[in-house]
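A short worksheet on the structure shown next.
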Amino acid sequence: MTTPLVLTVNGQAVSVEVHPRTLLVELLRDTLRLTGTHIGCDTGQCGACTVQLDGRAVKSCTVLALQAQASEVTTIEGIATAGGELHPMQAAFKEYHALQCGFCTPGMVISALDLLKHNANPSEADVRQGLDGNLCRCTGYHNIVKAVLAAAAAMRP
Amino acid sequence: MYAFDYVRPQTLKEAAAALRKSDQARFLAGGQSLVQALRLRLARPPLLIDLRAIDELNGIRVANNVVSIGAMTRHADVAAAKEVQRAIPALARVAAGIGDRQVRNQGTLGGSLANADPAADYPAAVLGLGATIVTSKREIPADKFFLGLFETALKPGEIIVRVDFPQPLRAGYAKFRHPASRFALVGVFVCDTTSGVRVAVTGAGPCAFRVKRMEKVLAKAFTPQAIEKIVLPAEGLNSDIHAAADYRAHLVTVMAQRAVTAAAKL
């Protein structure tokens, strides 16, 4: 039996019928075709599926779609401006070559934004520790940390 | 994941009524343990009762030297709450050290306690501070709450409403964090109050427990040196691929000393 689900995704109203066991990441990828949100480990460890749920970074593989009832979800597709201009965090990832295969990048960007929301002026250690919910198997994190520090500087008013 | 039905009641009464329809139903808090358990088919409830929309389960209040935290309050909100940081800084630090940022943004106090994972952080703080777990039916002292592996004093249909933490003179928490899961291999919460010292351990046994031998000694001298010779017997402690029981026994002493140091600094 399906249940009605109403929420906002990247600023757009969404109204769908879902089976209760549908995960948020399945709704985003399979129903809404927002495939920028990745499924990495599938067990809540890697953070590749991280999205914003009411402004908080959460793992969409560990949240039921129905838990997002009446909520606002932002995925990586909703981070850049409508005109396609990269968000300063995305621009910094590009500038500092903070990705190799790119699989972890959407989740990294969302988590990094969550980090800066709580700490606009983080140290290198703050960034390394603050991204511990996101695994990257290519970069060794070094350029990711550089990018987040650069984005923090660019985003400070 | 097996199929299940889902309801989102607005009040505690509606939640209790939903449970009466299906005695195998499970309450859903933040879902950071339960959703993964469902996915691994470790749990197979016919019905999930989501507690998110029940207003009285939310919020943080401080009055008369008691910090009251609603069961559905997320770890990130406890960690960031100025009133918690002021009244019981060690409690804010416990919340700030749970899992990772995404888990803290979704996981809840009540969910953690009801699940009673042997390696969870909150049970050490709740037991260490001598908190009271207020449910939809009664008040349960922390000393009577944790009964065993994933086992609590909660009766079927009983919902945690809030937890009342009495403000201590000083308190500290230290954990040896598993680097991948971020759970506590061993975590020790030490708390100094006008009525004595409490030492609570998580990660080492089937559930959180107190170490009365350390409490007695710390009541006389609240220093890390005072307990350096007190090592728990390894028998009965957890032993797995991450750490053997005797290593966990060793860690209890070391983490307790670090918790005392942390408490003395605050």
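Per chain, numbering begins at 1; letters A, B, ... match sequence-line order. When reading the values below, keep in mind they use all heavy atoms of this one structure, side chains included, and skip hydrogens, waters and symmetry mates.
Residues A:Val58 and B:Asn105 share a closest heavy-atom pair of CG1-CB, 4.2 Å. Nearest heavy-atom pair across A:Pro20 and B:Tyr6 is CB-CB, 3.7 Å.
Of the atoms belonging to B:Leu34, not a single heavy atom falls under 4.5 Å from chain A. In this structure, the portion of B:Ala180 lying under 4.5 Å from any heavy atom of chain A is its backbone and not its side chain.
Using a cutoff of 4.0 Å between basic side-chain nitrogens and carboxylate oxygens, A:Asp132 and B:Arg101 are not scored as salt-bridged. With salt bridges taken as basic N to acidic carboxylate O contacts below 4.0 Å, one links A:Arg56 and B:Asp77.
In this structure, B:Lys13 places its NZ atom where only 12 or fewer heavy-atom neighbours from other residues, nucleotides or ligands lie under 6.0 Å away. Atom CZ of A:Arg128 has more than 12 neighbouring heavy atoms from other residues, nucleotides or ligands inside a 6.0 Å radius. More than 12 heavy atoms of other residues, nucleotides or ligands sit less than 6.0 Å from atom CZ of A:Arg156. Counting non-hydrogen atoms of other residues, nucleotides and ligands closer than 6.0 Å to CZ of A:Phe103 gives a total above 12. Summarising the local packing, CZ of B:Arg52 is surrounded by more than 12 heavy atoms from other residues, nucleotides or ligands at distances under 6.0 Å.
Of the listed residues A:Asp114, A:Leu53, A:Val63, the one with more heavy-atom pairs under 4.5 angstrom with chain B than any other is A:Asp114. Note on A:Ile110, A:Asp54, A:Leu115, A:Leu135: by heavy-atom pairs under 4.5 Å with chain B, the leading option is A:Leu115. Each of A:Gln67, A:His118, A:Met1, A:Gln45 has some count of heavy-atom pairs under 4.5 Å with chain B, and the biggest count is that of A:Gln67. Annotation: maximal heavy-atom pairing with chain B below 4.5 Å, among A:Gln129, A:Gln69, A:Lys59, occurs at A:Lys59. Put simply, of A:Thr50, A:Leu66, A:Thr3, the one with the most heavy-atom pairs under 4.5 Å next to chain B is A:Leu66.
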Next item on the list: Would you check, one step at a time, whether the test side-chain contact (heavy atoms from CB on, under 4.5 Å) holds for A:Leu23 with B:Arg39?
Entry: CA-CA 10 Å; A:Leu23 296 167; B:Arg39 299 187 65 184; 3.4 Å; yes
Notebook entry, point to check: Can you list the steps and then say if A:Leu64 with B:Leu28 is a side-chain contact (heavy atoms from CB on, under 4.5 Å)?
Noted result: CA-CA 10 Å; A:Leu64 299 173; B:Leu28 174 65; 4.0 Å; yes
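Defined by atom type and a distance below 3.5 Å, a donor-acceptor pair is present between the side-chain atoms of B:Gln36 and A:Thr62.
For A:Ser111, the side-chain hydrogen bond (donor to acceptor under 3.5 Å, both in side chains) partners at least two apart in sequence or on another chain are A:Asn134, B:Gln102.
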